[in-house]
> 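Structure provided below as structure tokens; questions to follow.
By convention in this document, chain letters (A, B, ...) are assigned in the order of the sequence lines, proteins followed by strands, and residues within each chain are numbered from 1.
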Amino acid sequence: MNEIVKVERLVKSFHGAPVLRGIDLSMTQGEALAIIGRSGSGKSTFLRCLNGLEFVDSGEIHIAGHALDRKPAKLRELRKDVGIVFQSYNLFPHLTVLQNVALAPRITKGVPKNEILELAREMLDKVGLLGRIDALPDQLSGGQQQRVAIARALAMQPKVMLFDEVTSALDPELTGEVLAIIKKLAADGMTMLLVTHEMEFARDVASRTVYLHEGRVHEDGPSRDLFSAPKTPELRSFLAGGRRSEAPVL
Amino acid sequence: MISSFGPDNALFLLYTAITTIVLSLGATLFGGALGLAVALSRISQRRALRAAATAYIATVQGVPVLVVLFLVYFGISRVGLDFPPLVAATLALSVFTSGYLGDIWRGAIESVPRQQWEASASLALTRTQQYRYVILPQAIRISLPPTVGFLVQLVKNTSIVSIVGVIELVRGGQITSSATFQPLLVFSVVAAIYFCICFPLSLLSRKMEAIYE
């Protein structure tokens, strides 16, 4: 099987406080992996290490054919193949929906303009927003903004997608439209890592789930087994507490 | 010969007002370019550049504009250059302008949320591309009201260069006043001309503030 993500002995601390204490993880191409854990378990930090938004203290990261390297040029090559979607969308507020999606492929890959626009439209069609291409981000609902953010990442034609709590900032009635798109992407064979606290969603979309606890991989297995028969007391108590054990998301 | 204030005097004042406008535009242009360099240096990843820009801003803002004028004016002749007073005055005002615009723009760039840097970096943009396509367009919007507000100050501050012999609006007023012995009338006209230049700018600044808030 084709290994597309390989993380070895990943260690990361913030101002001396360890967050990740040695993470090993590998993924095969086309796998959808959910990462769950309490607030402060390091799950978002782990995800942000994978595309170099956070620098690791030690350990190795291989992803989409790149070894993670801090040199800006190397990092850019890696980021062309690894897309990320954030909790707070982070669209460019001064650009229209279409411009948001077309900007990066146009200026980082030098694809001709008409091809780029076609690609951007195709991606916006995928997320069901072809009708809003001339809108500015703040004219859209949160769910629509997040769908644009997904289209923006997909327009780079990444080999791996990272989703960082992408529904946490959304009103409950808006999460469905975003989750449906991610589910479709997973079904189409996109390799993805999903940091989430939506347990149902993790079970539904991800074939495999990793439970992070105190900066380590505490349990790792097929989602079905992990959720129905947790092996460790920590995961059992986490699942029993459900979302209530999470700190409120601000 | 002393004659009372007439159309000729008014025309002369308007003529000197052109010099005031030229000084303001020149300082905006050169001071703006230098100010952008100062702003970018101030938030550069290189410590030496940051320190230099910080010192520059502190110095320019910590010294009266009149002293900046003298330093530049006499500094230029000390290094053996012989510029006409208007050019030397424009240079001095450009230094003054860059110290303030650099600081205003630094603040505007820093007020673009960190997530905009992260999102654009994650899309493989270079730092230059991040500035050009994502950060500066947003920073410019934020900085427009205070920038225009500063330009109002600049227009009024150009009056100090009358001291080094540039005949701008205030100097023109002094000349007219000693020719007519009607200082109150003359400087009322001078004030009115300044007001006509500055008030629209102030309005613009306030309007932009309202829009962007």
Side-chain angles (χ1 to χ4, degrees), chain A residues 44 47-48 50-55 64 66 70-95 99-110 136-138 145-146 148-149 151-158 160-164 169, chain B residues 32 35-36 39-50 101 104-148 204-205 207-213:
Chain A
S44 279
L47 204 71
R48 291 162 56 85
L50 295 182
N51 79 338
L53 282 180
E54 305 286 352
F55 288 129
H66 305 270
R70 303 182 173 220
K71 288 195 199 80
K74 290 272 178 72
L75 209 47
R76 285 200 298 276
E77 288 309 309
L78 179 147
R79 284 166 172 169
K80 285 179 186 171
D81 289 329
V82 182
I84 186 165
V85 181
F86 301 94
Q87 178 176 339
S88 50
Y89 338 128
N90 304 348
L91 294 180
F92 306 132
H94 59 299
L95 300 179
Q99 289 168 333
N100 261 279
V101 176
L103 176 70
R106 180 166 69 81
I107 65 177
T108 66
K109 293 182 164 179
L136 287 169
D138 66 7
Q145 289 192 50
Q146 195 58 297
V148 175
R152 180 175 69 174
L154 290 177
M156 292 292 280
Q157 302 179 302
V160 178
M161 283 285 284
L162 311 175
F163 292 96
D164 188 7
Chain B
L36 183 62
L40 294 179
S41 304
R42 179 65 185 71
I43 52 178
S44 158
Q45 289 170 323
R46 283 181 212 152
R47 190 178 299 185
L49 266 183
R50 277 204 310 271
L101 287 187
I104 290 172
W105 293 347
R106 187 246 345 135
I109 292 169
E110 284 183 340
S111 67
V112 175
R114 181 179 51 86
Q115 286 85 350
Q116 291 289 311
W117 287 99
E118 288 190 348
S120 50
S122 299
L123 288 163
L125 271 64
T126 63
R127 200 166 162 84
T128 311
Q129 289 171 333
Q130 286 180 288
Y131 269 121
R132 175 166 168 207
Y133 295 101
V134 177
I135 304 303
L136 287 183
Q138 297 183 58
I140 286 169
R141 282 181 209 199
I142 298 169
S143 70
L144 270 179
T147 300
V148 176
L204 182 67
S205 169
K207 202 169 233 174
M208 284 191 295
E209 234 165 275
I211 291 172
Y212 295 127
E213 256 171 35

> Which atoms of A:N51 are under 4.5 Å from chain B, going by heavy atoms: the side chain, the backbone, both sets, or neither?
side chain
> Any donor and acceptor pair, going by atom type alone, linking the side chain of A:H94 with main-chain N or O of B:Y133 inside 3.5 Å?
yes
> So which heavy atom on A:R76 is nearest to which on B:A124, and how close?
CD-O, 3.2 Å
> With rounding to the nearest 0.5 angstrom, report the CZ to CD distance, A:F86 to B:E118.
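Between A:F86 CZ and B:E118 CD, I get 5.5 Å after rounding to 0.5 Å.
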> Under 4.5 Å heavy-atom distance to chain B, tell me which part of A:V82 shows up: side chain, backbone, both or neither.
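It is the backbone, since no side chain atom gets that close.
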> Tell me if a side-chain donor or acceptor on B:Q129 pairs with a main-chain N or O of A:I107 at a distance below 3.5 Å.
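Confirmed, B:Q129 side chain pairs with A:I107 backbone.
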> Does A:F92 have any ring-ring contact (aromatic ring centres under 6.0 Å, His included) partners at least two apart in sequence or in another chain, and if so, which?
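For A:F92, no residue satisfies ring-ring contact (aromatic ring centres under 6.0 Å, His included) once neighbours in sequence are set aside.
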> Taking everything shown except B:R127 itself, do over 12 heavy atoms lie less than 6.0 Å from its CZ?
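Count over threshold, so yes.
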> Specify which of A:E77, A:R48, A:K80 makes the most heavy-atom pairs with chain B at under 4.5 Å.
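Result: the option with the highest number of such pairs is A:R48.
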> Contact part of A:L78 toward chain B, heavy-atom cut-off under 4.5 Å: side chain, backbone, both or neither?
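A:L78 has no heavy atom closer than 4.5 Å to chain B.
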> Where on A:L103 is there a heavy atom nearer than 4.5 Å to chain B: the side chain, the backbone, both, or neither?
side chain
> Pick one of side chain, backbone, both or neither for B:R132, based on which atoms fall under 4.5 Å of a heavy atom in chain A.
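No part of it gets close to chain A.
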> Which one of A:G52, A:P93, A:P72 has the most heavy-atom pairs closer than 4.5 Å to chain B?
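Heavy-atom pair counts peak at A:P93.
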